[in-house]
Each structure stands twice: as structure tokens, then as C-alpha cells.
Amino acid sequence: MTTMTIARVPEANAPFEITEVEIPEPGPGQVRVHVRACGVCHSDSLTVAGAMGNDFPRAPGHEVAGEIDALGEGVTAWTAGQRVGVGWFGGCDFTCDSCRRGDFIACENGLVAGIAYDGGYAEYMIAPAEALVSIPDDLSDVDAAPLLCAGVTTFNALRESVARPGDVVAILGVGGLGHLGVQYAVKMGFETVAIARGSEKESLARDLGAHHYIDSTTSDVAEELNKLGGASVVLATVTVPDAMTPALGGLRPRGQLVVVGASADPMQVPPFALIPGSTAVQGHASGTSKDSEDALRFSVLTGVKPTIETVPLEEAQRAYDKMMAGDARFRMVLTTGK
Ligand SMILES: [Zn+2]
Ligand SMILES: [Zn+2]
């Protein structure tokens with residue numbers, strides 16, 4: 001029996017166990033990915049808590065970069081040895097109403113890597129072929145990994161928003177998602193405002209290209225945005241709804257508060273914050289595997305890069321704890337092998 005190391009959660013809210021299990025075999029329509037790097041995302045806490053109904057034990061991980069190690073029956077579009085990634089979009093059924101309309105990210109039976117099946121906190125993982133993302137040659141595994149959730153989510157949210165080049169766009173939160181959101185906003189040609197708590201992140205945000213910085217602890221976010229003419233889009237990457245709503249007053253008419261920071265806590269939105277300017281609160285769900293490929297290509301083309309700290313897979317708990325404490329600068333990435 002050939003085994004592999006996996007970092008998995010044995011039961012809801014339990015610490016990770018680092019253990020050896022048999023290397024899984026790909027079924028029809030699936031591939032086995034030899035994982036080289038896996039980003040540690042705040043949404044991994046959903047797996048740890050079982051918040052989306054996952055089974056236990058379960059290995060989280062939906063920012064996976066590696067290469068195809070074995071092909072299951074019927075997989076013809078991919079080859080062994082090809083560098084691939086797997087992101088939040090972990091598969092779809094192709095048969096539900098959303099899929100029949102081509103809206104695969106909204107699949108009623110959509111799969112999320114690390115929730116529906118063991119994700120990238122392991123040396124190997126099995127993924128459906130439709131979840132695979134081709135990784136460009138110029139991008140390393142550790143840099144590609146965070147782009148497959150944090151990257152594509154912010155990239156796709158911005159390009160699908162109402163913002164057009166030259167518009168004022170604010171990124172709320174300069175963390176795992178936000179530090180990429182700031183870079184994408186700048187490279188897409190937006191007048192980019194970074195908003196975070198305290199002054200500590202100002203120089204970081206400016207290094208990432210932000211044209212403006214708002215410290216939400218000392219200034220009125222809406223007022224500051226309005227001084228710039230109002231934001232077309234505020235991209236909320238923080239996971240605290242109470243931190244999102246103050247930005248509503250800083251939207252220009254027809255602007256959007258686009259929410260990507262995943263939280264189950266309620267958000268208080270006074271209707272009168274939306275009506276006068278016909279503004280909107282809009283959710284955004286990541287992107288498909290092809291959207292991820294677009295994000296990777298755009299990143300290589302424009303020089304967008306995640307700021308990462310790598311940690312061996314065996315120290316998954318430490319990496320996860322650091323991320324949850326908000327101390328990651330800016331993305332923890334687990335690595336396998338020597
Ligand atoms: Zn994620
Ligand atoms: Zn579907």
C-alpha cells in the first residue's frame with residue numbers, strides 16, 4: 001500500500017490530525033492531482049466547522065496547485081504531468097437549470113473542493129476534470145495557489161461589476177483577498193482606494209499600488225469616498241458585515257457594494273441607504289475553472305502576485321491558526337515534498 005500525508009479535520013471544530021492514508025484512485029471523469037501547494041483560505045473554516053454540511057474526517061483546501069498524476073476513465077482533455085490547479089469551483093452536474101443555462105458556478109449540485117471531497121491539505125487529491133485550471137508556465141505553484149480562490153474571486157468580482165476603467169473602486173480589507181483585490185483594481189485601470197483598520201496597512205496598500213488609503217478607525221469611510229466623487233464599486237473582502245455597511249454611503253449613484261467576504265452573520269442595510277442613489281448590495285461567487293484561468297493569465301500579464309508565507313503541510317494547524325488570527329501577511333500557503 002502506498003500512502004500519503006493528509007492534514008484533515010477528524011470532527012467538527014477539532015484540531016487538524018496529520019496522518020497517513022492510502023493514495024486515492026481517480027474514478028471516471030476525475031484526475032488525481034499531485035499537490036505541490038495549497039493556500040489557506042478563511043473559507044476553510046467552513047470545512048472545519050462543517051458549516052456547509054461536509055462529512056468528517058475532511059481535508060480542506062480549495063487553492064490547490066500541482067500536476068496531474070493519474071487520469072480516470074474518460075478524461076481526454078487533460079494529460080498526465082500537466083500543471084493544474086483546483087479552486088473553489090470544484091465541479092458541477094451539467095444537468096441542473098443553472099448548468100443548462102451555462103451558469104456553472106451557480107450549479108444547484110455544485111461541488112467545493114475541501115468540502116464535498118478532500119481538498120489540497122494533502123499530498124494528493126482527486127478532482128473532477130471540469131474543476132481543473134491550467135497553470136501558465138511563468139507562474140510558480142506557490143504563487144498560483146492563492147490566485148485560485150482569493151485571486152479569481154476578487155478578479156472576477158471586479159470584472160463583472162459596474163465599474164469601468166477610470167472609475168473609483170474601493171477595496172474594503174487588505175488581507176488575503178484584499179491584497180489581491182487592490183492589485184487587480186489598479187491593473188484594471190481603476191482609481192483604487194484601499195480601506196482597512198488602522199494605519200499599519202497603509203504603506204502595504206500603497207506598495208500594492210493603491211492610489212488612496214482610508215483608515216476606517218479614524219475617518220468616515222463614506223465621507224472620504226464621497227470626496228473622491230463616490231465609488232462605483234466597494235469590494236468587501238472583510239468577513240465582518242458591520243464593517244461593510246458604512247461604505248454604502250460612499251457609493252456613487254448606481255454603485256455596488258460587492259460582497260465576497262464570507263460570513264453567516266446578518267448584515268444591517270437601511271433601505272434608505274440604497275434608494276436615493278439606486279445603489280445595490282451584490283454578492284459574488286468566485287468563478288469557474290475557466291474564470292480562474294483568466295485570473296492566472298491576467299496575473300502573469302500584469303504582474304499581480306500574492307504575498308505569501310509558505311509552511312510545510314505537516315504544520316497545517318499553525319498556518320490555519322495564523323490565518324484565523326488575521327496575522328497572515330497575506331496568504332499562508334502549505335507546501336508538500338522537499
Ligand atoms: Zn477560499
Ligand atoms: Zn448544475
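Atoms within each ligand, like the ligands themselves, are counted from 1 in listed order.
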Notebook entry, point to check: Does any non-hydrogen side-chain atom of L313 lie less than 4.5 Å from one of T5?
Noted result: yes
Item checked: Nearest-0.5 Å distance, CG of residue N156 to OG of residue S286 -> 7.5 Å
Note to self: So, 2.8 Å as the limit: is an N/O/S atom of C99 located closer than that to the Zn ion (ligand 2)?
What the structure shows: yes
Check: Once rounded to 10 degrees, what value does the angle at the Zn ion (ligand 1) take between NE2 (H62) and SG (C149)?
Finding: 110°
Item checked: Closest D93 atom to the Zn ion (ligand 2) [N, O or S only] -> OD1
Notebook entry, point to check: So how far is it from F155 CZ to R297 CZ, rounded to the nearest 0.5 Å?
Noted result: 9.0 Å
Note to self: To check you understand the geometry: which heavy-atom pair defines the closest contact between G151 and L180, and what is its length?
What the structure shows: N-CD1, 3.7 Å
